[in-house]
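In what follows, a structure is listed as structure tokens, so that the remarks can point back to it.
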Amino acid sequence: MKKNKILIIIPTFNECGNISILMKQIIETVSNIDILVIDDDSFDGTAQEVMAFSKVTKTKIDIIVRKGVRGLGTAYTTGFKYGLKHQYDVIITMDADLSHNPDHLPAFLDAIEKYDIVVGSRYIKHGGTINWRIRRILLSWLANKFARFVLGLGGHDLTSGFRAYGRSILETIDLDKIKSNGYSYLVEMLFLTKKRGAQITEIPIIFVDRTMGKSKISKQEIYRGAFTLLRLRFFSHER
Ligand SMILES: Nc1nc2c(ncn2[C@@H]2O[C@H](COP(=O)(O)OP(=O)(O)OP(=O)(O)O)[C@@H](O)[C@H]2O)c(=O)[nH]1
Ligand SMILES: [Mg+2]
């Protein structure tokens, strides 16, 4: 069966300079997709940019502006709930900062026909990163090693946010019970879905480090992420 109702969700915080470029590239690459932006009340005009863009395109673009909350994890949850409620078959997540190239989307759509989750991986053959600072390479490498070691997960790029999810696997998860709210959310998602027997595959992506806008990853977030994985390993009832 062809999975044909597709939603791309894009969490944003101050991505005014990037978001329209990304949406334009997406629309030029794949047809019959809808877009949902989850913006945490950016102060650089991201939401206004999205609304203005949505008026000049035929593609269905929706935006949820969350006030008084911040966090990548709960932004994803908001997006997944929207996707399930509106009967999408496939939900794709992408970063707004042009790190995730829409040219890869057709490969995601192919693979999601056969798998529950498709993860865009920088660390398999034909995958890679462009322009990465050494600190980010090290951090990403360490985060992956740590996640694999602590949780025993397979896969090579457990923190990649470029993914496609089939609706049925998302339906098995109680999204409100996901406790991570930073980058460890992505690892927790794989951990929980794996426990439910998800068929997960990786496809290669070339990740381009952001050139516009600011990074949102903080030291505090890194420590919290590591702690979250340990909590999942030792205190989760899901084991
Ligand atoms: N809604 C929402 N989106 C967020 C939040 N934090 C980050 N994002 C978005 O999530 C995506 C990934 O965040 P990035 O800052 O690019 O994180 P990263 O790729 O690990 O780090 P850099 O590329 O180095 O900046 C981007 O689209 C951000 O705008 C947040 O608190 N709320
Ligand atoms: Mg980024």
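Order of appearance sets the numbers: ligands from 1, and atoms from 1 within every ligand.
The distance criterion of under 3.5 Å between nitrogen or oxygen atoms is not met by F207 with respect to ligand 1. Remark: ligand 1 and S99 share no N or O pair separated by less than 3.5 Å (distance only, no angle test). Residue A75 has no N or O atom closer than 3.5 Å to an N or O atom of ligand 1. For a threshold of 3.5 Å applied to N or O pairs, the pair formed by I38 and ligand 1 contains at least one separation below that value. Between R70 and ligand 1, at least one N/O pair is under 3.5 Å apart.
With ligand atoms numbered from 1 in the order given, ligand 1 contributes 26 (C), 27 (O) to contacts under 4.0 Å with heavy atoms of A96. Using a 4.0 Å cut-off to heavy atoms of E15, the atoms of ligand 1 that qualify are 26 (C), 27 (O), 28 (C), 29 (O). Below 4.0 Å from some heavy atom of R133 lie the following atoms of ligand 1, by number and element: 24 (O). The ligand atoms of ligand 1 that sit less than 4.0 angstrom from a heavy atom of D97 are 16 (O), 19 (O), 23 (O). Near D40, the atoms of ligand 1 lying under 4.0 angstrom from a non-hydrogen atom of the residue are 1 (N), 2 (C), 30 (C), 31 (O), 32 (N). Near T12, with a cut-off below 4.0 Å to any heavy atom, the atoms of ligand 1 are 1 (N), 2 (C), 3 (N), 29 (O).
W141 and I222 are members of different hydrophobic clusters when ILVMFWY side chains are connected at heavy-atom separations under 4.5 Å. When the side chains of ILVMFWY residues are joined at heavy-atom separations under 4.5 Å, either directly or via intervening members, V65 and I19 end up in a single hydrophobic cluster. V69 and I64 are assigned to two separate hydrophobic clusters, defined by single-linkage of ILVMFWY side chains at heavy-atom distances under 4.5 Å. At a threshold of 4.5 Å between side-chain heavy atoms, the hydrophobic network of Ile, Leu, Val, Met, Phe, Trp and Tyr places I124 and V119 in two separate groups.
Between N18 and A96, the shortest heavy-atom distance links the atoms CB-O, 3.1 Å. The two residues T46 and C16 come nearest to each other via the heavy atoms OG1-N, 3.1 Å. Of all the heavy atoms in T74 and N181, the pair that sits closest is N-OD1, 2.7 Å.
Excluding waters, the count of protein N/O/S atoms less than 2.8 Å from the Mg ion (ligand 2) comes to 1.
Legend: residues meeting side-chain hydrogen bond (donor to acceptor under 3.5 Å, both in side chains) with D40, ordered by chain and number and at least two apart, are R66. Listed by chain and residue number, E188 satisfy the salt bridge (Lys or Arg N to Asp or Glu O under 4.0 Å) test with R231 (two or more places apart in sequence, or in another chain). Looking at residues two or more places apart in sequence or on another chain, you find a ring-ring contact (aromatic ring centres under 6.0 Å, His included) between F207 and H100, W132.
For atom 13 (O) of ligand 1, the closest heavy atom belonging to the protein is Y183 OH, 3.6 Å. At the shortest separation from atom 22 (P) of ligand 1 among protein heavy atoms lies S215 OG, 3.5 Å. With respect to atom 7 (C) of ligand 1, the closest heavy atom belonging to the protein is K216 CD, 3.7 Å. At the top of the distance list for atom 18 (P) of ligand 1, counting protein heavy atoms only, stands R136 NH2, 3.4 Å. If you check which protein heavy atom lies closest to atom 9 (C) of ligand 1, you get P11 O, 3.3 Å.
Between I92 and the choices L7, L105, I112, the side chain to side chain contact (heavy atoms under 4.5 Å, CB included) rule is met once, by L105. A side chain to side chain contact (heavy atoms under 4.5 Å, CB included) with R163 is found for one member of I91, D157, L186 and no other, namely L186.
Residue contacts with ligand 1 for L72 involve both N, CA, C or O and side-chain atoms from C-beta outward (heavy atoms, distance under 4.0 Å).
By the 6.0 Å and 45° rule, R70 stacks over the aromatic ring of F13.
Ligand 1 lies nowhere less than 4.0 angstrom from a heavy atom belonging to R135.
Using a cut-off of 4.0 Å between Lys/Arg side-chain N and Asp/Glu carboxylate O, D41 and K67 are scored as salt-bridged.
Of the candidates H100, R210, R66, the one placing a heavy atom closest to atom 14 (P) of ligand 1 is R210.
Taking the six-membered ring for Trp and thresholds of 30 and 60 degrees, H86 and Y88 have ring planes inclined between 30 and 60 degrees apart.
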